Structure formats: C-alpha cells, structure tokens
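Below is one structure, written out as structure tokens; comments come after it.
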Amino acid sequence: MNLLSYKPLQYLIVIFVLLVVTFLRFPDFFQHPGHIVEPYGDGFKAYTVIDYHAEYDSTYTHFQGMNYPFGDHAIPAATQPLLSNTIRFISSNIVDITDYTIAIVNGSMMLSLLLCGWFLFLIFQKLNLPWWYALAVALGLTFLSPQIHRIHAHYGLSHPEAIPALLYVLLLFDEKPRLRYSFAGALIVVLYSLIHFYYFAILVFAISFFFLFKFLRKLNWRDLSRLAAHYGIQAVLPLLFFVWWLFTKDPIEDRTAEPWGYFHFHALWEGVIGTRVDPGFRRIVRQIVHFR
C-alpha cells in the first residue's frame, strides 16, 4: 500500500510545503515578526489604528484616534475589528498582549497565505484532481495572487484566502444543501468584513451570483423558496448585522451620502490582464502594452 495514498499524510505534506514556501518567500516575517513593514504612509497608519483601538479605546465599536473630538466607528476607521477587538478582549480579560499587536498583524498576513493554499487544495481535491497536482496549483495560485502586493501597506486587503474559503463552502453547499454550510458562509462574510469591509461586497457578490446561476441552471420554481432561505442566511443575515452595528453605533452624523471618485477611479483593460507592480510581467509586455 502506497503511504502517500493516506489523506492524513497528504494533509501533513501540504501544510509542511505551505509553511516552507511561505518562509522562503517572506523570511523576515518569521525572523522578525514584530518588524514594521512600511513605517510611513498607509502602512504606518494601518498599524497605528489597530494598536490604538486595541489598547486605548473604551469600547469595541468606537474609535477615538481620529476625527477629534467625535471619533469614528471602528469599521470605517479600518481598525480590523476582528484583530483589534480580539487583542483588546484578551488584554482586558486574560493577559495583556498589546505589546505584540504588530507581530499579530504580521502573523495574520502569513496565516492568510497558508489558509489560501489550504482551501485551494481542498477545492481541487473536491474536484477529484490528484493531490500532488492540487498542491502544485494551489501553491501557484496563492503566491501569484495580486493581493500579496497589499502586504506592503494595505494589510487588511492582503488576505487571499477569503474567496477560496467561501468557494469551498459553496462547493460543499452545492453538493449537499445544508444549513451548516449556509451558516459557515455567513460566518466567512462576517469575519472577513471585520478585517476589511471591502470583503463584504466581494463575498456577497460571489454568493449572489452563485445562487443566481444555481437557480438558472435548473429553473425549478419550487426550489426558489429554499434557495431564498439559504441566501438569506448567507448574505442578508450578515447585511442586517452590519446595518445594525454601523448605523446604530456610528457617531458621525454628517457623513457624505455620495462620496466623490466613483466615476473617476475605475479599471482599465490593461490592468485586468496584468500589473505594473510585477517586474517580470513588465519586462515581457512593456513593448506591447501601454499602461495608462
């Protein structure tokens, strides 16, 4: 009997390979976990708001470190409430870990790469690909993710595992529509929205298109109520939670309803097929594609 046919051994190999590749790609995060990635601009601001909210704010909702003297809500202040409030809770009730806030933020980004590769591996295994091939493709997709570039400054958006985690749950739901999968999907939406609220739109759009195509695939009107109930759990329930938490706890009464810039900052076709950030890609296509 081939030892590599045992799933527990395969899982151990996958975890080990993901750890090794992550260390080789970002050795400084493991050697100096508390180092500051960007000591200026957006990166420094991202660290300070998380640290301030975890150590100095009086509530889990209100952030007092900006917009003096009113403060702001923890979500638009980009405090990564999932991290900062967890640090705050542990520091207030168990042991003070606020001195390790930067290391925890950095560690969360490294953990996100491991989770991304893990969920991609599970997805490919679910699609009956050979385990070694599933591992190779999962590694490739993880470390080619454009979200890795967010590690330089926009730490909340550097979590490439959000979409694979949701897709894996939706794959399980498509196979067996169960309430536990719908609640798992809702939990993913809430947790990643508490890291950065952009994830709410990204994940809810993915859920919405999934249920739309699932209905159109069979066009069975008798399934509509059941699908609507599961959609309500996965998408509407998180929406109601954030509507309640944001609008009943928001100290800003004159927040603009029409922020400027929506029609001025948008994607261009060359940005869809590539990026100027990747030096390899730039060398190959700079004679062909002009990036505006």
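Note that the structure is predicted; figures quoted are calculated from it, not measured.
L212 and W221 fall within the same hydrophobic cluster, defined by Ile, Leu, Val, Met, Phe, Trp and Tyr side-chain heavy atoms under 4.5 Å apart, directly or through other members. A continuous path of hydrophobic side-chain contacts links F247 to F200 [ILVMFWY only; heavy atoms under 4.5 Å].
Exactly one of N106, V105, D99 qualifies for a side chain to side chain contact (heavy atoms under 4.5 Å, CB included) with I102. That residue is N106.
Surrounding CZ of F241 are more than 12 heavy atoms belonging to other residues, nucleotides or ligands, all under 6.0 Å away.
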Derivation and outcome, side-chain contact (heavy atoms from CB on, under 4.5 Å), residues H35 and F29 | CA-CA 7 Å; H35 81 288; F29 280 86; 3.9 Å; yes
Start with the C-alpha distance between D174 and K126, add both sets of side-chain angles, then the distance that settles salt bridge (Lys or Arg N to Asp or Glu O under 4.0 Å), and finish with yes or no.
-> CA-CA 12 Å; D174 190 56; K126 201 70 175 170; over 6 Å; no
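With hydrogens and angles disregarded, a donor-acceptor distance shorter than 3.5 Å links the side chain of E38 to the backbone of G43. Not one N or O on the side chain of H32 forms a donor-acceptor pair closer than 3.5 Å with the backbone of G34. Using modelled atom types, one side-chain atom of T142 and one backbone atom of G117 make a donor-acceptor pair closer than 3.5 Å. Side-chain atoms of H159 never come within 3.5 Å of backbone atoms of E161 as a donor-acceptor pair (strictly under, hydrogens ignored).
Atom OG1 of residue T101 and atom CD1 of residue I87 lie 4.0 Å apart, to the nearest 0.5 angstrom. To the nearest 0.5 angstrom, I104 atom CD1 is 7.0 Å from I90 atom CD1. In this structure, OG in S84 is found 4.0 Å from NE2 in H53, a value given to the nearest 0.5 Å. Taking OG1 of T48 as the reference point, atom CE of M66 lies at 8.0 Å (rounded to 0.5 Å). Separation of atoms OG (S158) and CD1 (I148) is listed at 9.5 Å; rounding is to 0.5 Å. Note that CZ of F173 and CG of L179 are 8.5 Å apart. Values are rounded to the nearest 0.5 Å.
Taking the six-membered ring wherever Trp is involved, the centroid distance between the rings of F70 and F63 does not fall below 6.0 Å. No close placement of the Y47 and F44 rings is indicated, their centers lying 6.0 Å or farther apart. The distance between the ring centers of H230 and Y181 does not fall below 6.0 angstrom.
Taking the ring axis of Y60 as reference, the NZ or CZ atom of R88 stays within 45° of it and closer than 6.0 Å to the ring centre.
Screening residues 99-136 for ring pair (Phe, Tyr, Trp, His ring centres under 6.0 Å), with sequence neighbours left out, gives Y11-W118.
Take S208 and apply the side chain to side chain donor-acceptor pair (under 3.5 Å) test, not counting sequence neighbours, and it matches Y231. A search for side-chain contact (heavy atoms from CB on, under 4.5 Å) contacts involving A78 returns K45, not counting sequence neighbours. In this view, F30 and F23 satisfy the ring-ring contact (aromatic ring centres under 6.0 Å, His included) rule, not counting sequence neighbours. Residues passing the side chain to side chain donor-acceptor pair (under 3.5 Å) test with T59: none are found, sequence neighbours excluded. Every residue two or more places apart in sequence or in another chain that forms a side chain to side chain donor-acceptor pair (under 3.5 Å) with Y199 is listed here: Q147.
With no hydrogens or angles considered, no side-chain donor-acceptor pair links H62 and D57 at under 3.5 Å.
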